[in-house]
Amino acid sequence: MSEERLERLEAQMAAHQEVLIALAAALGEGESQTVFRAALDGLLTVKGQEEDPGLDPDASFAFQYRVADTIRAIVDGAEARAKK
């Protein structure tokens, strides 16, 4: 993949993350926010790893971990923005 394509994908992902943070922060308190947060919390659980991955986790576990880390950043960003 070219460097230009990687840079474009990174910018698109950053934009999506900012939109999701704004959306989640705009939900405010109430049932909608509770349901949304519960859904996100469910996404934070890495699936399919019954054992400790050890020092060298397989590629699918590493990918799921990176996805969960990004979701966690969105949740944290939304919570911080909503408190402003």
Side-chain angles (χ1 to χ4, degrees):
M1 189 176 301
S2 72
E3 185 69 27
E4 180 182 331
R5 176 141 170 82
L6 283 175
E7 288 175 3
R8 188 171 57 245
L9 286 172
E10 286 176 352
Q12 289 172 341
M13 290 181 348
H16 287 112
Q17 185 168 338
E18 285 300 315
V19 169
L20 288 172
I21 288 171
L23 176 64
L27 287 174
E29 296 298 320
E31 187 175 340
S32 295
Q33 193 267 352
T34 303
V35 170
F36 185 66
R37 177 60 197 251
L40 290 178
D41 286 344
L43 294 174
L44 292 174
T45 304
V46 177
K47 297 164 181 55
Q49 283 300 115
E50 288 77 30
E51 311 179 352
D52 180 2
L55 293 176
D56 191 23
D58 67 8
S60 63
F61 179 80
F63 179 78
Q64 287 181 34
Y65 180 81
R66 288 191 305 270
V67 169
D69 194 44
T70 302
I71 293 169
R72 195 172 295 109
I74 290 168
V75 170
D76 292 347
E79 288 176 347
R81 194 171 292 178
K83 290 178 183 177
K84 286 184 179 181

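Worth saying up front: this structure is predicted, and the values here are computed from it rather than measured. Sequence positions, counted from 1, serve as the residue numbers for this chain. What you see below is based on every heavy atom in this structure, not just the backbone, and it leaves out hydrogens, waters and symmetry mates.
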| Quick one: CD on Glu3 to CD on Glu7, what's the gap to the nearest 0.5 Å? | 5.0 Å

| field | Rounded distance (nearest 0.5 Å) linking atom CD1 of Ile21 with atom NE2 of His16 | value |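 Interatomic distance, Ile21 CD1 to His16 NE2, rounded to 0.5 Å: 13.0 Å.
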
| Within a reach of under 6.0 Å around CD of Glu31, are more than 12 heavy atoms found that belong to other residues, nucleotides or ligands? | no

| query | Do the non-hydrogen side-chain atoms of Arg8 and Gln12 ever get within less than 4.5 Å of each other? | reply |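 SC-SC contact between Arg8 and Gln12 confirmed.
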
| said: Using side chain to side chain contact (heavy atoms under 4.5 Å, CB included), reason through Leu9 and Met1 one step at a time and then give a plain yes or no. | reply: CA-CA 11 Å; Leu9 286 172; Met1 189 176 301; 3.6 Å; yes

| request: Evaluate the salt bridge (Lys or Arg N to Asp or Glu O under 4.0 Å) criterion for residues Arg72 and Asp69: first the C-alpha distance (whole Å), next the side-chain angles of each, then the deciding distance (0.1 Å), finally the verdict. | output: CA-CA 5 Å; Arg72 195 172 295 109; Asp69 194 44; 3.8 Å; yes

| message | Quick check: is Phe36 connected to Val67 through a chain of hydrophobic side chains (ILVMFWY, heavy atoms under 4.5 Å apart)? | response |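 Val67 clusters together with Phe36.
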
| Looking only at heavy atoms, what is the nearest atom pair of Leu20 and Ile74, with distance? | CD1-CD1, 3.8 Å

